[in-house]
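Right, one structure below, let's go through it.
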2 protein chains.
Amino acid sequence: MSTEARTVTLIDVAERAGVSRATVSLVIRDTGRVSEATRQRVRTAMSELGYVYNRGAASLRRQSADTVGVVITNVANPFFGELLRGLEAELTRSSLSCLIVNTGQDPAAQAAAVAELREHRVAGVAIVPASGSTPALVDQIRDSHLPHVFMTRYVKDAPTHYVGADDQLGGYLATRHLLEHGASTFAYLGGPSAVQSRWDRLDGVRRALAGGSLDPGAIIDLPGPSNGDGGLAAADQLLQAGSLPDAFICHSDQVAFGAFRALRRVNCDRLPRIVGYDDIPVARLWEPPLTSISTQAHELGQLAAQNLLRQLGAPTSRETLTTITKPELVVRESCGCPPAP
Amino acid sequence: MSTEARTVTLIDVAERAGVSRATVSLVIRDTGRVSEATRQRVRTAMSELGYVYNRGAASLRRQSADTVGVVITNVANPFFGELLRGLEAELTRSSLSCLIVNTGQDPAAQAAAVAELREHRVAGVAIVPASGSTPALVDQIRDSHLPHVFMTRYVKDAPTHYVGADDQLGGYLATRHLLEHGASTFAYLGGPSAVQSRWDRLDGVRRALAGGSLDPGAIIDLPGPSNGDGGLAAADQLLQAGSLPDAFICHSDQVAFGAFRALRRVNCDRLPRIVGYDDIPVARLWEPPLTSISTQAHELGQLAAQNLLRQLGAPTSRETLTTITKPELVVRESCGCPPAP
DNA sequence: CGATCCGGTACTTAAAACACA
DNA sequence: GTGTGTTTTAAGTACCGGATC
């Protein structure tokens with residue numbers, strides 16, 4: 001271990017191994033015609049000197065990146081955390097790294113994040129757009145010719161590469177199941193009214209209601225944050241109003257958890273049937289075990305990565321890559337179903 | 001918008017503005033003596049050409065990085081997610097970005113991650129070591145003279161820059177409170193036996209038991225994964241054994257959630273007093289609202305960032321920077337306390 | 001403002017090794 | 001033993017986009 005701080009470069013290794021810089025470079029990348037003898041000599045020199053490859057310098061010269069930017073609204077949300085895991089795992093398989101920026105629900109911060117990622121010369125970006133995103137963000141990215149994929153939320157009237165679950169179907173599945181239970185009055189709790197996915201889910205809800213010969217307009221609509229507080233506030237509002245609907249459809253499991261708390265806080269005697277959304281890991285541990293719409297966050301992350309990788313493989317392709325997955329109803333007990341045996 | 005793919009460089013901007021490359025560089029960094037008129041001309045040229053700064057090239061020349069590596073076991077865990085948010089927010093304030101690697105509980109993957117981050121020439125690394133980490137990981141990092149900080153878990157007999165909560169105190173606080181409730185038989189559920197923090201918390205538990213003139217050795221010790229499954233398995237084991245202890249101290253809130261589910265699955269008539277750990281956001285929504293030990297994940301992340309930033313400011317300092325925060329007992333109802341008014 | 005440098009990569013050129021007449 | 005052609009191996013050098021003097 002030398003106490004010297006100067007970084008060890010190709011030249012140092014070359015000198016020590018008695019070869020040229022170029023040869024060392026070939027050995028590192030395992031290409032070119034270099035005899036096995038010199039290969040070994042170079043490798044020995046590398047480890048003796050504690051050489052560390054400089055990816056930045058390499059990608060500058062090569063004009064290519066081995067990093068992908070990820071813009072996400074909240075890493076601490078288990079759903080996005082899981083999404084991120086899937087994304088990261090798949091990118092790692094192609095030896096790409098993730099540069100992550102956590103923006104919160106701020107479109108301006110997201111635009112700034114994308115600009116910064118471009119300065120980092122990322123190979124592409126994967127984005128969960130903030131609730132209030134406008135087509136401007138989409139345009140910014142599309143005009144920059146940067147490979148990109150939007151995840152779980154899309155911006156209306158701004159087609160992009162996109163990976164997400166079929167929200168309409170999700171809303172439909174939840175509602176149909178509740179109808180089968182005999183529910184006749186419905187509320188949709190939480191979720192910012194600005195996100196398209198909320199409208200889509202509500203469309204699904206209304207479609208199911210119409211199919212059950214109920215008035216699709218009768219649903220009580222309570223937008224709010226997509227977290228515990230949102231559920232708490234929405235349920236409180238319903239409690240204030242006096243009469244509770246039979247069924248709650250929640251924009252996320254977190255919203256459902258908040259709704260439960262609000263109801264229990266006032267010792268509500270008869271809990272409505274409740275369905276969550278996302279099926280995060282605690283949902284099955286909840287009391288009662290939470291019936292939810294599973295969107296397979298991990299898989300969505302993988303698909304997003306694959307979408308991006310395809311763009312990296314065919315940079316000039318003109319087509320828009322879109323993957324819509326089918327969410328699934330995970331039946332547990334909060335909807336009124338009996339415990340599984 | 002030109003359809004040309006070639007990247008716009010300083011030279012292009014310089015040409016257009018009728019100045020030299022160097023001048024443009026000065027304008028970008030807002031330094032040097034350049035007249036306001038020229039500055040404007042350069043700025044105009046930049047935006048007209050759609051110039052994008054190349055941080056990679058700059059940091060190659062400047063021999064400094066604006067990225068910090070983060071090695072984390074599981075982003076999807078709300079506790080680590082929150083930690084990450086605090087870290088990221090604080091680093092962003094110093095205009096540093098996060099390169100995140102999700103390793104799972106695999107020490108080898110962590111070592112590989114650190115090696116890769118070094119190739120990326122990160123300014124430093126922040127790490128949550130995997131359960132089975134050995135001093136080898138610590139040595140690898142220390143020998144590389146890379147600024148670093150370990151978070152929430154440390155490796156015994158391998159002192160490093162470290163930020164974490166006082167686990168002994170956490171175990172003590174939980175136990176003392178349960179003793180005040182009159183509990184006399186205890187179980188500690190979940191958490192891999194390989195992590196030091198688990199031993200520390202158990203020490204705290206034992207200290208409290210001794211203080212309450214109970215046998216410190218009598219505690220039932222059930223190690224396992226620190227998630228819902230771990231809690232499920234541990235509680236099931238206790239149920240099999242026949243007699244349930246009065247009090248459960250869980251290694252994480254997730255473990256507590258799993259334990260609750262296991263108990264409810266068999267319609268357990270009298271639930272033990274249960275205390276969780278971490279105080280993740282859903283804890284307060286749980287039924288009953290979960291009493292937990294709060295370690296303020298967000299703040300820990302911030303402190304880790306500050307620790308790292310201090311090292312970046314004084315690279316040659318010989319001292320080991322350690323911050324131990326005081327966890328707090330958050331009293332709710334799962335311990336047996338009455339609901340807050 | 002021009003020259004040089006940061007640490008790699010890519011392309012060109014040349015020396016050496018081996019084949020076969 | 002010499003000459004020519006081909007292949008293997010390695011060296012030389014311009015260059016990537018900024019920073020510094």
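Within every chain, numbering begins at 1; the chains are lettered A, B, ... in the order of the sequence lines, protein sequences first and strands thereafter.
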Which nucleotide in the set [options] lies at the smallest distance from any side-chain heavy atom of [X]?
X	options	result
B:Asn54	D:dG18, C:dG8, D:dA11	D:dG18
A:Val34	D:dT13, D:dA10, C:dG8	D:dA10
A:Arg33	D:dG18, C:dA10, D:dT9	D:dT9

Under 4.0 Å, counting only non-hydrogen atoms across every strand here, what does [X] touch: a base, just sugar-phosphate, or nothing?
X	value
B:Val24	nothing
A:Thr38	sugar-phosphate
A:Ala22	base
B:Val13	nothing
A:Val42	nothing

**Study point:** Contact nearer the 5' end of DNA chain C, comparing B:Arg121 with B:Thr23
**Key:** B:Thr23
Check your understanding: So, A:Arg21 side chain and A:Ile11 main chain: donor-acceptor pair closer than 3.5 Å or not?
Key -> no
Does [N] have OP1 or OP2 sitting under 4.0 Å from an N or O in the side chain of [X]?
X	N	answer
B:Gln63	C:dG7	yes
B:Thr7	D:dG17	yes
B:Ser20	C:dC1	yes
B:Ser25	D:dG18	no
A:Ser35	D:dT8	no

Revision key, fill the gap. Paired with B:Leu303, the side-chain contact (heavy atoms from CB on, under 4.5 Å) test is passed by just one of B:Val149, B:Thr323, B:Ile324, B:Leu308, namely B:Thr323
Return the value, rounded to whole Å, for the distance between atom [atom1] of [X] and atom [atom2] of [N].
X	N	atom1	atom2	result
A:Ile11	D:dA11	CD1	P	14 Å
B:Arg55	D:dG17	CZ	P	17 Å
B:Leu26	D:dA19	CG	P	9 Å
B:Leu10	D:dC16	CG	C1'	12 Å
B:Arg62	C:dG7	CZ	C1'	15 Å
A:Glu15	D:dA11	CD	P	13 Å
A:Asp12	C:dG7	CG	P	9 Å
A:Asp30	C:dT9	CG	C1'	16 Å

**Study point:** Heavy-atom pair of closest approach, residues B:Gln311 and B:His148
**Key:** NE2-O, 2.7 Å
Check your understanding: What is the base-pairing partner of D:dG1, counting Watson-Crick and G-U wobble geometry with both distances under 3.5 Å?
Key -> none
Exercise for review: Give the intermediate values and the outcome of side-chain hydrogen bond (donor to acceptor under 3.5 Å, both in side chains) for residues A:Arg29 and A:Ser25.
Suggested key: CA-CA 6 Å; A:Arg29 286 172 293 150; A:Ser25 178; 2.8 Å; yes
Point to revise | hbond_proxy A:Arg21 side chain to C:dG8 base (donor-acceptor, 3.5 Å cutoff) | key: yes
Exercise for review: Check if the side chain of A:Arg61 and the base of C:dT9 share a donor-acceptor pair of N or O atoms closer than 3.5 Å.
Suggested key: yes
**Study point:** Polar side chain donor-acceptor pair, B:Ser97 to A:Glu116, under 3.5 angstrom
**Key:** yes
Review point. When you check the side-chain N and O atoms of B:Gln110 and B:Asp106, is any donor under 3.5 Å from an acceptor?
Key: no
